[in-house]
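Worth knowing before you read on, the calculation uses all heavy atoms, side chains too, and leaves out hydrogens, waters and symmetry mates. Numbers restart at 1 for each chain; the letters A, B, ... are given by sequence-line order, proteins then strands. Keep in mind it's a predicted model, so treat the numbers as computed, not measured.
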Amino acid sequence: MAPTKKERTASRNPSLVRGIGKFSRSKMYHKRGIWAIKAKHGGSFPRHEPKPASAPPPAVKPPKFYPADDVKTPIPNRRKPKPTKLRASITPGTVLILLAGRFMGKRVVFLKQLPSGLLLVTGPFMINGVPLRRVNQAYVIATSTKVDLSGVNVDKFDDKYFTKEKKKTTKKGEGEFFETDKEETKALPQEKKDDQKAVDSQLIKAIEAVEDLKAFTQPRRNKMQKTTHYQLPAVVRRYECYLPDSTSGA
Amino acid sequence: MVKGRQGERVRLYVRGTILGYKRSKSNQYENTSLVQIEGVNTKEVAWYCGKRMVYIYKAKTKTKGTRYRCIWGKVARPHGNSGVIRAKFKSNLPPKSMGRRVRVFMYPSNI
């Protein structure tokens with residue numbers, strides 16, 4: 001026949017009402033071309049060879065217990081959660097202000113959004129003491145200042161990087177039971193410190209490229225106290241008028 | 001609370017005053033409180049809707065290491081035309097809170 005046949009997408013039998021097609025069986029026989037296929041194969045519809053009878057499957061024992069009522073199995077949940085939608089004002093490289101938590105009030109650089117929806121953020125540590133950290137979007141104000149992140153590689157960080165390690169529960173002997181639990185002080189593993197340095201060294205170069213931004217992210221006296229907070233977007237942008245690189249946003 | 005913070009104290013909240021409960025002349029509804037946010041009047045109130053707020057008070061006994069206790073709440077909606085807001089707290093505010101301070105935070109933020 002023709003070199004390639006286009007796959008037929010719709011049924012040849014449009015439905016008039018659900019369950020009732022437009023064409024009768026005999027009409028459909030003709031439309032599907034069964035007569036032509038039969039003619040091509042010498043009068044009968046081509047069939048596969050019957051499969052060789054395989055050994056009968058091992059006999060299944062009848063169950064010992066039949067539950068009295070039919071229990072409905074729940075429909076499997078196929079939902080895959082997506083990360084929270086990122087606000088338009090937050091793009092990689094944006095300087096954010098943290099609103100709550102240990103580092104509240106600090107200006108911080110946004111690196112990327114993690115699959116859980118949380119934002120990966122860093123001080124950088126050398127500038128303001130904020131390490132690589134996860135932060136929720138709702139607890140953050142985005143400024144219009146952006147830092148160039150092209151030199152920074154953030155691929156290795158995801159949510160698993162930040163999970164707490166599970167403590168090994170050791171069985172306590174009687175004597176130890178009465179002693180106070182010695183909490184192992186967890187020193188930050190060296191590789192995490194190295195990761196921090198690797199990210200920061202690139203970032204600091206980018207920050208120094210933006211004039212005054214280093215001073216902005218460093219802890220300084222907060223001038224926000226005198227203004228009320230609905231004016232905050234204006235205030236935040238007022239700071240940025242000192243930064244020649246920033247673009248003003250709505 | 002705050003761990004040995006050096007230098008600046010940033011106030012990342014706005015001060016508010018608890019005016020009382022939502023009420024009519026002779027009925028009051030304690031599940032909603034009215035709060036006057038400092039420096040805010042009509043048009044800007046909408047920005048605060050949904051923001052969380054906290055009423056902080058001191059008690060005699062120490063719970064969880066501190067004598068300070070708090071009741072968390074949210075800004076529900078504006079009240080009237082002059083910048084007052086209605087707030088709902090996790091548990092109703094006690095009557096002695098009237099005239100006292102409430103902290104209105106900037107989160108959940110939408111900026």
Inset, instruction - Could you tell me whether the side chain of B:Ser109 and the main chain of A:Tyr139 form a donor-acceptor pair under 3.5 Å? - result: no
Legend entry - Where A:Leu99 and B:Leu12 come nearest, the two heavy atoms and their spacing: O-CD1, 3.6 Å
Legend entry - Nearest heavy-atom neighbours spanning B:Tyr107 and A:Ala100: CE2-CB, 3.5 Å
Legend entry - Rounded distance (nearest 0.5 Å) linking atom CE of A:Met104 with atom OH of B:Tyr13: 9.0 Å
Inset, instruction - Output the distance between atom OG (A:Ser144) and atom CD1 (B:Ile111), rounded to the nearest 0.5 Å. - result: 11.5 Å
Inset, instruction - Determine the option with the most heavy-atom pairs under 4.5 angstrom with chain B, choosing from A:Asn136, A:Val140, A:Ile90. - result: A:Val140
Legend entry - Heavy atoms from other residues, nucleotides or ligands near CZ of B:Arg77 exceed 12 (cutoff 6.0 Å): no
Legend entry - Over 12 foreign heavy atoms within 6.0 Å of NZ, B:Lys51: yes
Inset, instruction - Count the heavy atoms of every other residue, nucleotide or ligand shown that sit under 6.0 Å from NZ of A:Lys197, and state whether that count exceeds 12. - result: no
Legend entry - B:Asn81 atom CG, neighbour heavy-atom count above 12 within 6.0 Å: no
Legend entry - Atom group of A:Leu96 that falls short of 4.5 Å from chain B, counting heavy atoms: neither
